[in-house]
Structures are given as structure tokens and as C-alpha cells.
Amino acid sequence: MTTNQLVHAMRRQLRAASEPDFHKGVSNFFKEPVEPYGVRTTKLQEIVRFLFREIKHWPKPQRDAFIEE
């Protein structure tokens, strides 16, 4: 999977795991304007595990490019 493909997959997973009520609560928590996805920690950890399995064998420059995105 390429960097761009993984970024799109990650964003798709985050949007799918988003909870509107939680999103609203998280948005109200910050004083400055933020755009949270509204994903609870347990679902976020599942997504992170998926991402780590994908990138752990990538060369460092490619991993860094993904993280920057």
C-alpha cells in the first residue's frame, strides 16, 4: 500500500468510527477551533494497530512521509 492509499484508508476508517455526539463533546472541550473526528479511544487504538502493521516494514523516509500527512 502506498503512503497516499494508507492516508485515505486511515481517514476513511476514522470517519466510519466517528460518533456525532462524541464529536460534538470533543469540539466543545477545546477553546480554539479544532476539527476532531470524534473517535473514542478503543476504536482509535484498533485503527492505530492496523496502521502500525502496515508501516512497520516501510523504510524510514516513507514512514515519515505518512506521519507528516
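Between Ala65 and Thr3, the closest heavy-atom pair is C-CG2, 4.1 Å. Of all heavy-atom pairs spanning Leu14 and Leu44, the tightest one is CD2-CD1, 3.8 Å.
With sequence neighbours left out, the salt bridge (Lys or Arg N to Asp or Glu O under 4.0 Å) criterion links Lys56 to no other residue. Every residue was checked against the side chain to side chain donor-acceptor pair (under 3.5 Å) condition with Thr42, not counting sequence neighbours, and none meets it. Glu69 meets the side chain to side chain contact (heavy atoms under 4.5 Å, CB included) test with Val7, Arg11; sequence neighbours excluded. With sequence neighbours excluded, the residues that form a salt bridge (Lys or Arg N to Asp or Glu O under 4.0 Å) with Arg40 are Glu19. Residues satisfying the side chain to side chain contact (heavy atoms under 4.5 Å, CB included) criterion with Gln5, sequence neighbours excluded, are Met1, Thr2.
To the nearest 0.5 angstrom, Thr41 atom OG1 is 11.5 Å from Glu46 atom CD. Distance CE/Met10 to CD1/Ile47: 9.0 Å, rounded to 0.5 Å. Taking CZ from Phe66 and CD1 from Ile55, the interatomic distance works out to 5.5 Å, rounded to the nearest 0.5 Å.
There is no path of hydrophobic side-chain contacts, each under 4.5 Å, that joins Leu6 to Phe52.
Under the 3.5 Å distance criterion, the side-chain polar atoms of His23 are left unmatched by any main-chain donor or acceptor of Val39. Within the 3.5 Å criterion, the main-chain N or O of Tyr37 finds a donor-acceptor partner in the side chain of Ser18.
Within the structure, salt bridge (Lys or Arg N to Asp or Glu O under 4.0 Å) contacts touching residues 58-68 (residues at least two apart or in different chains) are Lys60-Asp64.
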